[in-house]
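Working notes for the structure below.
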Amino acid sequence: MRKRSIRLCTAALAAVLLLLGAAPQAEAAVYWGSRGQQVRQVQQKLRQWGYYDGDVDGVFGQETYDSVVYFQRKNGLTADGVVGTKTLNALGIGGQRAVAASTGSASTSYSGDVELLARLIHGEARGEPYVGMVAVGAVVLNRVRSSHFPNTIAGVIYQAGAFDAVADGQINLTPNEQSRRAARDALNGWDPTSGCLYYYNPSTATSKWIWTREVRLNIGDHSFAV
C-alpha cells in the first residue's frame, strides 16, 4: 500500500512538472489597467516623440491607450493598444542596444540592427549613390549618439515625423543586399557625413526649418546638414 502511494505521488509530481514545462511563457506586455515603471517608460517615450501629452504617472488609462494606438497606426504595427514586444522595440525600450563605439554585441542584436537600418536606408535612399546610402545610415547612428535624440536605433527611426519612409510605409519594404551592406558599413563606423544629423532633398523638401540647418555636403539628391 505504501509503495502504491509513493508511485501515485511520483506520478502526480511528474504530471505537474510536465504541465509546468509545457506551459507557454507569457509575453511581457503592458496594457489598459497596467501600472508601474514600464508604463512610465512607455509614457515617457510617447511623450518625448509627440504622441502623448498626459502625465507620466505609470497608470495605463484611456489617454495612454489612445496614444499607443496612434503610435502603432503611424508605425505599421497592429493597432491593438497592447504594448508587446514589437511595440516596445519600436519605442526603443524593448531590448534594442544603443550604438556604442564598438559594435561587438550579441550577433542576434547586431543582425536586428542591420535589418532595421537597412529597411530605413532602402526606404529613404534606394537609387542614391552607394556612399549616399551609407550616409543615410550614418545620420541615424549620429542621432543615436546625440543627446538630442533617442538613444537606440529603433527609437531614432520611429521618432514621430523623423523619416518619410516611416510615415509612408516604405520602412516595411524588404531591403535589398545593397541596403544591407550599406547598413553594415554604417554600423561598422563609416560616416561619409562626418557627424551630420540631418539630410533632405532640396528639390522636394517642404519644411522651412530644415532649410535653416548648415549644409556640410551633398551626395546624390541629398543635402547633409548639422
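Residues: numbered from 1 along the sequence shown.
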For a quick test of your reading: what N or O donor-acceptor pairs under 3.5 Å do the side chains of residues 216-226 make, sequence neighbours left out?
| residue | atom | partner | partner atom | Å |
| --- | --- | --- | --- | --- |
| Arg216 | NE | Glu214 | OE2 | 3.1 |
| Asn218 | OD1 | Ser223 | OG | 2.5 |

With sequence neighbours left out, write down each residue that passes ring pair (Phe, Tyr, Trp, His ring centres under 6.0 Å) with Phe163, or none if nothing qualifies. none
dist Ile157:CD1 -> Thr152:OG1 (nearest 0.5 Å) comes out at 8.5 Å
Distance under 6.0 Å and angle within 45° of ring axis: Arg181 vs Tyr130: yes
Please answer whether the main-chain N or O of Asp80 pairs with a side-chain N or O of Thr78 as donor and acceptor at a distance below 3.5 Å. no
May I ask whether Val156 and Ile210 are part of the same hydrophobic cluster, defined by side-chain heavy atoms of I, L, V, M, F, W, Y residues being less than 4.5 angstrom apart, directly or through others? yes
Aromatic centroids of Trp32 and Tyr65 separated by under 6.0 Å: yes
Between Tyr52 (side chain only) and Asp55 (backbone N and O only), is there a donor and an acceptor less than 3.5 Å apart? yes
Are the side chain of Ser67 and the backbone of Glu63 linked by a donor-acceptor contact shorter than 3.5 Å? yes
Whether the side chain of Gln43 engages the backbone of Gly54 through a donor-acceptor N/O pair (distance < 3.5 Å, no angle test) should be reported. no
Rounded distance [0.5 Å steps], OG1 in Thr64 versus CG in Asp57: 6.5 Å
Hey, are Arg119 and Glu124 close enough for a salt bridge, meaning a charged N less than 4.0 Å from a carboxylate O? no
Which of parallel (below 30°), tilted (30 to 60°) and perpendicular (above 60°) describes Trp209 and Tyr198? perpendicular
Main-chain N/O of Trp190 paired to Asp185 side chain as donor or acceptor, under 3.5 Å: no
Cluster link Val59 to Val82, ILVMFWY, side chain under 4.5 Å: no
Let's go through Arg126 and Leu173 carefully: what are the C-alpha distance in whole Å and the side-chain angles of both, what is the deciding distance for side chain to side chain contact (heavy atoms under 4.5 Å, CB included) to 0.1 Å, and is it a yes or a no? CA-CA 11 Å; Arg126 65 184 182 278; Leu173 297 176; 3.7 Å; yes
List the steps and the verdict of side chain to side chain contact (heavy atoms under 4.5 Å, CB included) for Val39 and Tyr31. CA-CA 8 Å; Val39 177; Tyr31 40 83; over 6 Å; no
Under 3.5 Å, is there a donor-acceptor pair between the side chain of Asp191 and the main chain of Gly195? yes
